[in-house]
Structure formats: structure tokens, C-alpha cells
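By convention here, the first residue in the shown sequence is residue 1.
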Amino acid sequence: MKRLGLLFFLCLLMQKVTVSAWVGMPMPKLHIEGRNLVDENGNKVLLHGFGQTYSPWFNEQGKYWTNYNVSGCLYYNKRMIAGLLTKGWKVNWIRMHMDPYWSNTPGVSVTGENDISAFSMERFKTYFESVFLRMAAYAEGKGLYVVMRPPGVCPQTIARGDAYQKYLIQVWTHVAKRMVELGNTTYMFELANEPINVEGGVTAFFQDIVDSIRATGCKNILWVPGTGYQSDYRAYAANPIKGENIGYAVHAYPGWYGSDAEVESAEDTGDVAGGGYKGFLNGWTERVGCVADFAPILVTEMDWAPKKYGCSWGKSTTGTRGGSGFGANFKYMCDLTGNVSWMLFTGPELLAQYDDSAEDGETFLTSPDACARPIYRWYNDYAAEWPASATEASKRIASLEVDCESSLTALSGGILTVPVDVIYEDGHRSCVTHTAQYSFSNPDVVSFNKGVISVKQDGNTDVTITVSDDFGTTKQSTIALNATSFPLTNADFNPCIWENGTFDEQTGTLVTGQYGFGGWQYGSGLDISKWKYIIIELYETQSAGASFRLFDEKSYWTSPAMVDIGTVKRKVITLSTLKKNGTTTALNLKNIYIAGFWSTGGKPIRIKSVFLSNVATATGIEDDIQVLHTEEQPQPVYNLQGQRVSSMRKGGTYIIGGKKVVR
């Protein structure tokens, strides 16, 4: 008790130090160039960190301090930072929530953190000095960049000129002026937390706030949030925020962007469902990748764990990159995009208890399926690449790993990535998908942008991937890619576009959830306008009330063209006659975003093939199968889409002389 009292006494003494003395050791200054954060020497920088919220409830529910005890708050939160750094967390930034606990007038009732009726600017000014600036200076002295977040969260709907925008302008104008007075250019500002709906346009709303900050002379980096709880940035892609040192602040949780989340019935099993890796890739590329093309991204909230541990906001598993689960695929989205900094939203009191030497187990801090263990190790790999930490051994490539089979089936009209890792001589691993060089033997089939391959049309191409270091080492790998519009593979067929279903690629069996939908999603749009028919072949007649549906808009909740399958095993759909359901509007065949099977659910639909054709009659595909051992054939070779091809690949199915041929 005497020791604790002495520490609190020292904290009280330190509060008498002038604020300027609290502004910590100068950090290497960051600024934004194009789509990247860079330091003073022009090195690209990625930040990996954690967050703190300065209120008794978020600091272990008032166990250690309460009643506006500044010294207690400072002591506790400094102890947490020091504790997790002692445990070996390789972090280089902190998100600081300037919690409304300090700025709300005591005793005034509010309906939640989005209620600003109790906000007092005078209290905010007071505690900005005595709590937030002091914590920022301490963190900076520990080698952490600081991102400040305003008190509370956004109301359901905000609008330009409303009380909430005026509140944000008031807060940030004061903070910006203090930064100018202190000569601080390193602290960064996250302009709001989780806007949902913004009337009048999100760009106009936040441009006003940016302009108010810049009018003070403050040039610090600003992180601008998106709508939909910071999940949607498409409006900024069309109309970005103007000015320098502007990035975008993103949130990411299981179930968002089409990612996997734990299902309701998974109390004991930990099962996850969602769009898997493909769904995550499509959603992330559409909603975040659209601004990552021209500005850096900072993920300011993210975590996951099976819900049985009760220690995370997000409920899912780590899973595997390119497979099911959230965590590994989230990391891959960041690595793939190439300019995404991010943090772990788990409370620092838990991070300060982490022990990496402990064996894998069934607790939040020991389970490989919860976020703490994998992120601790990922942060260590990232730290080897920080400009100040990099050694020659951490820059020399020892080996290249391409995480896929030597041949791939790809979805035409979709997007995909080929995960590329290098292992360096110091042993650390780095995903270099976004910086590797790609070349294609048939560029008519695909296009390429920053690690993402867009599949333009059916066909075959070789993909050659090359990585090099600064010392003359070059590694290379080549894979064969076969693009098709309706692949019946687990990787490309999503049985859970609506409701939870299952798909077995070995038997072609789809079972949808009740009134569910399973099929294909084409992230970049599929052009089928040059074809006359879609032909569906089933192994047996179905009794699930199935219909085949095509959407020319990206949302499942738009009007599709619908064709009942009925009781036939072979259904020919004439594309030119398709109309959007309940309308006389022709389906836009140049841009198909979703296609697949709807059913009442619970009964199997056994799919043999789905393909595009310009011939409606049978082609002999039902005849006996020939197994081909050589490519020497006197007759023309066609794929299942009716396209003539120059060669056949092992594992492929083709039509030669009206016969199905499997090589």
C-alpha cells in the first residue's frame, strides 16, 4: 500500500509540470505521399498497434480508479502501456479515445455515447490538458505514434450543418490550435467514430471539418471515417476529401465485407459462416480498395475470437488465409492492399498478460483461433521490416512461396489473388502479393492491379510471379489459370449468398437454407452479352422449388431475372428474353454480378454443369467419356462453354468431335 501511495503521489507531482514538458521525445515525422504513409527519409511506413479508452468502465470496470481521478487514470493507463511493451508487443501506434466521461457534465443524464447534450467544452479543454495530452506524450515517449479519437460515437443520422457536425468542428478546432501552439505535428486525428448515415453527402460533411482544422494552420495527418459504421468508402472514391495528409479510417469485424463470423448455433462448435475468403475479398475490394488506390488506410477497430471466450467484440476464428475464418483473411486483405495500417482492439489489460511462451490452449490468450496469439506473432514479423529495425538479413530473400496449386480455376467476371510470401534470411515471413511482379501469357483473359487479378473472360493463361530484392536475388513461380463463368468449386461457389447453405463440389450438391440462394458473385461484373444461352444440367430432377436467377446489380436485394427449373434435368435459358422480375426491363447482360440457384431449402439440387453456349441443342456431352492421354488431336478442341481452345490442360474437360473428353 505504501508503494502504491508513493506512485500516486509522484503522479500528482508530475501533473504540475508544464504541458510543453509533457510533449514527448520527437518521433520521426510522418506524412502522406499518394497512397502511402512515409517518414522523413521517404520510407514507406505501416503502423501496427492497439487502443486505449480513458474511462473507469473501459479500464476494468472501475476496479482501479473512478470519480474523475486524473492521477489514477494516468497511473493505470501508463501501467498498461508499459506492461504490454514489456511483454514484447511490437507496436508502433496507439488509438486514444478521448472518452466523454471527462467532457460530459457530471450528473446530466444521456441516452448513450451518441448523445452530446451533456458535452461541456470547458471540461473538454481542461481534461484534454490533464489527461489526453499527458497520455499522448507518455505514449510518444515510448515510441508510439498517437491517433486521437473524439469523445463518443456518431448518432444514427448526421447532416451537414447539424449539431453533431458543429460539435466535431468545435472539438477539432481546439485540438488543432493546441497542436499549432505546441509545435506538434506528429499526433494524428480520427475525425469521428462510426458514422452510419450522412445526409447531404459524407464528403461534404467531413470536408467542412477538415477545412476548419486546416484554417488553424494545423497540418497533422487526418483520418476520415466512412459510412455504415466505417465500412463503406465508395462515396469518397467518386468524391474524395481535398487537401494534404488525408487518409481514411476503417473498421473491420467478423461478418463485415462478406467475411466469416461465428454462427448463432456455434456456442460449443465454433462454426463460422459467411462469404469466406472470396466474399471478404469482393467486399473489401469494393468498399475499401476503392480509396486505398489513392490514399492510405488505417484500421482503427478490429478483433476476433470464438464467443466462448467472451473477450472480443468480433466473434469468429483465425481460420486460414484463402479459406474459412476471419483473422487470417483480414491480415491478408491488409497485406494485399499494401498501404493498410491496423490495430488490435482487445483491451490492453489483456495484452499486458500475454505470454507467448505458453503452450497453445483453450483460453483467449493461448488459443490460436483467438486474435491475441496470431497477432502477437504477426506484429513481430512486421517489426522486422520497420525502417528503423530493418537489417540486411531482413531484406535478403531466402525463398519464395506461392500459396496455391500449380493450376487454378478462376471465376470469369470475378477477382482473385495469388498469395505470395517470401522468407528472408533472418527467418521472418512477409506477404508480398501487392509488390510482386506479374506477367500473363494471355492478357486478354485477365487484367491486374496491385495484387488483384480481374478475370475478364473465359480462357486460359499462365501467370508468372517474380520477386526480387535489392541484392540481385530473383525468385519466380508460374501457375496455370483456367477462367470459366460457372465453376462448381468450393472456392468459387458460395452456398450462403442468402441464408446458410452447403455445397459439395465432389457431387455437385447444393442445399440452400430456407428460401436461400447459392451461386456465384462477380466482383467486377460478368459480360455474357455475346452468348445466346445458359444451359443447366442436373444429375437428377430436383424437388426444392429451384429457380435460376441472374442479377445485373451488386445487391441481392435488387430485382433479378428468374427462371424456374421445374422437373427437367436439362434447362436451356434464352438470354435475350430475360426480364427483371416484375418489370418489362431487359436484364443487362453486359454486367451480371450475381447468378445462381434459389430454393425453398433443405433439399438437394445436384448440379452437373452450368455453362454458356450459342447452341441450344445437345452436343454429345452425354455420350461416353473418353480419357485423353495426349494432346495430339486432328479435330478442333472446345471447352464446356463452346469456345475453341488451342490446348488442353491436365484435369480439364473438353469437347472433341461432339464427345466429352477428360484429360
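For the pair Arg549 and Tyr556, the cation does not sit on the ring face, since its NZ or CZ is not both under 6.0 Å from the ring centre and inside 45° of the axis. Geometrically, Lys315 does not engage Trp304 in a cation-pi contact, judged by NZ or CZ lying under 6.0 Å from the ring centre and within 45° of the ring axis.
Using the six-membered ring where Trp is involved, Tyr167 and Phe119 have ring planes that are perpendicular, over 60° apart on the 30 and 60° scheme.
Glu286 and Asn282 are not linked by any side-chain donor-acceptor pair at a separation below 3.5 angstrom, with hydrogens and angles left out of the test. Residues Asn494 and Gln521 have side chains that bring a donor and an acceptor to within less than 3.5 angstrom of each other. Asn59 and Asn77 share a side-chain donor-acceptor pair at under 3.5 Å. Checked by atom type, the side-chain pair Thr300/His251 shows a donor-acceptor distance below 3.5 Å.
Residues Trp598 and Thr512 form no side-chain contact, since every pair of their non-hydrogen atoms from C-beta on lies 4.5 Å or further apart. Taking 4.5 Å as the limit, every side-chain heavy atom of Tyr76 sits out of range of all side-chain heavy atoms of Tyr54. The shortest side-chain heavy-atom distance between Met188 and Leu222 does not fall under the 4.5 Å cut-off. Using a 4.5 Å heavy-atom threshold, the side chains of Ile375 and Trp89 count as touching. Residues Leu298 and Tyr248 fail the side-chain proximity criterion, which asks for heavy atoms closer than 4.5 Å.
Other residues, nucleotides and ligands contribute more than 12 heavy atoms inside 6.0 Å of the NZ atom of Lys450. Within a 6.0 Å radius of OH in Tyr309, more than 12 heavy atoms belonging to other residues, nucleotides or ligands are found. Few gaps surround CZ on Phe294; more than 12 heavy atoms of other groups in view lie less than 6.0 Å from it. Annotation: Glu244, atom CD; neighbour count of heavy atoms from other residues, nucleotides and ligands within 6.0 Å does not exceed 12. Other residues, nucleotides and ligands contribute at most 12 non-hydrogen atoms within 6.0 Å of the NZ atom of Lys590.
For the atom pair OG (Ser231) and OH (Tyr257), the distance works out to 5.0 Å, reported to the nearest 0.5 Å. Between atom CH2 of residue Trp256 and atom OG of residue Ser259 there is a gap of 9.5 Å, rounded to the nearest 0.5 Å. Separating the OH atom in Tyr233 from the SG atom in Cys290 is a distance of 10.0 Å, to the nearest 0.5 Å. Here Thr317 contributes atom OG1 and Lys307 contributes atom NZ; the two are 12.5 Å apart, rounded to the nearest 0.5 Å. If you take CG on Asp335 and CZ on Arg321, they are separated by 8.0 Å, rounding to the nearest 0.5 Å. Note that the NZ atom of Lys554 and the CD1 atom of Ile592 stand 13.0 Å from one another [nearest 0.5 Å].
For the pair Asp39 (side chain) and Gly42 (backbone), a donor-acceptor distance under 3.5 Å is present. In terms of modelled atom types and a separation under 3.5 Å, the side chain of Thr583 and the main chain of Lys579 share no donor-acceptor contact. Under the 3.5 Å distance criterion, the side-chain polar atoms of Asp260 are left unmatched by any main-chain donor or acceptor of Val272. Checked by atom type and distance alone, the side chain of Asp115 pairs as donor or acceptor with a backbone atom of Thr111 at under 3.5 Å. Here the side chain of Arg134 pairs no donor or acceptor atom with the backbone of Tyr138 at under 3.5 angstrom. For Asn245 (side chain) and Lys219 (main-chain N/O), a donor-acceptor pair under 3.5 Å exists by modelled atom type. A donor-acceptor contact shorter than 3.5 Å links the side chain of Asn339 to the backbone of Ala295. Looking only at distances, no side-chain donor or acceptor of Glu40 sits under 3.5 Å from a matching main-chain atom of Leu30. In this structure a side-chain-to-backbone donor-acceptor pair under 3.5 Å is present from Ser341 to Leu47.
Considering every non-hydrogen atom in both Val175 and Met148, the closest pair reads CG1-SD, 4.3 Å. The nearest pair of heavy atoms linking Gly314 to Asp303 is N-OD1, 2.9 Å. Closest approach of Leu168 to Ala192, counting heavy atoms only: CD1-CB, 4.0 Å. Across Thr346 and Cys371, no two heavy atoms sit closer than the pair OG1-SG, 3.5 Å. Between Ser555 and Thr558 the shortest heavy-atom distance is O-OG1, 2.7 Å. The minimum heavy-atom distance linking Cys334 with Val340 is given by the pair SG-CG1, 3.6 Å.
Annotation: Tyr593 is not in aromatic contact with Phe551 [ring centroid separation under 6.0 Å not met]. Checked against a 6.0 Å centroid threshold, the rings of Phe189 and Trp223 do not count as neighbours. For Trp342 and Tyr379, the gap between ring centers is short of 6.0 Å. A ring-centre distance under 6.0 Å is not found for Phe280 and Tyr277. Ring centroid separation for the pair Tyr145 and Trp93 does not come in under the 6.0 Å cut-off.
Salt bridge annotation for Asp552-Lys580: present, with a cationic side-chain nitrogen under 4.0 angstrom from a carboxylate oxygen. Salt-bridge formation is not detected for the pair Arg149/Glu194: no Lys NZ or Arg NE/NH1/NH2 atom is positioned less than 4.0 Å from an Asp or Glu carboxylate oxygen. Salt-bridge formation is detected for the pair Arg95/Glu301: a Lys NZ or Arg NE/NH1/NH2 atom is positioned less than 4.0 Å from an Asp or Glu carboxylate oxygen. Ion pairing between Arg160 and Glu199 fails under the 4.0 Å rule for side-chain N and carboxylate O. In summary, Glu129 and Arg178 engage in a salt bridge, as defined by a charged side-chain N under 4.0 Å from a carboxylate O.
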task: Would you please test Met179 and Leu133 for side-chain contact (heavy atoms from CB on, under 4.5 Å) and show each step?
output: CA-CA 10 Å; Met179 294 301 102; Leu133 267 184; 3.8 Å; yes
- request: Evaluate the side chain to side chain donor-acceptor pair (under 3.5 Å) criterion for residues Asn69 and Ser71: first the C-alpha distance (whole Å), next the side-chain angles of each, then the deciding distance (0.1 Å), finally the verdict.
  value: CA-CA 6 Å; Asn69 183 346; Ser71 59; 2.8 Å; yes
task: Just do the side-chain contact (heavy atoms from CB on, under 4.5 Å) check on Gln165 and Ile169 with the steps written out, would you?
output: CA-CA 6 Å; Gln165 190 195 44; Ile169 289 174; 4.1 Å; yes
task: Walk me through it: do Gln230 and Glu190 pass the test side chain to side chain donor-acceptor pair (under 3.5 Å)?
output: CA-CA 11 Å; Gln230 288 182 236; Glu190 182 182 3; 3.3 Å; yes
field: side-chain contact (heavy atoms from CB on, under 4.5 Å) between Met333 and Leu281, worked out
entry: CA-CA 7 Å; Met333 294 304 116; Leu281 175 63; 4.2 Å; yes
task: Go through Lys63 and Glu349 one step at a time and tell me if the salt bridge (charged side-chain N to carboxylate O under 4.0 Å, His left out) criterion holds.
output: CA-CA 12 Å; Lys63 181 178 179 181; Glu349 72 278 5; over 6 Å; no
- request: Show the numbers, then the answer: is there a side-chain contact (heavy atoms from CB on, under 4.5 Å) between Val455 and Leu416?
  value: CA-CA 8 Å; Val455 186; Leu416 77 153; 3.4 Å; yes
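Residues that satisfy the side chain to side chain contact (heavy atoms under 4.5 Å, CB included) test with Ser55, not counting sequence neighbours, are Thr53, Trp57, Phe58, Asp99, Tyr101.
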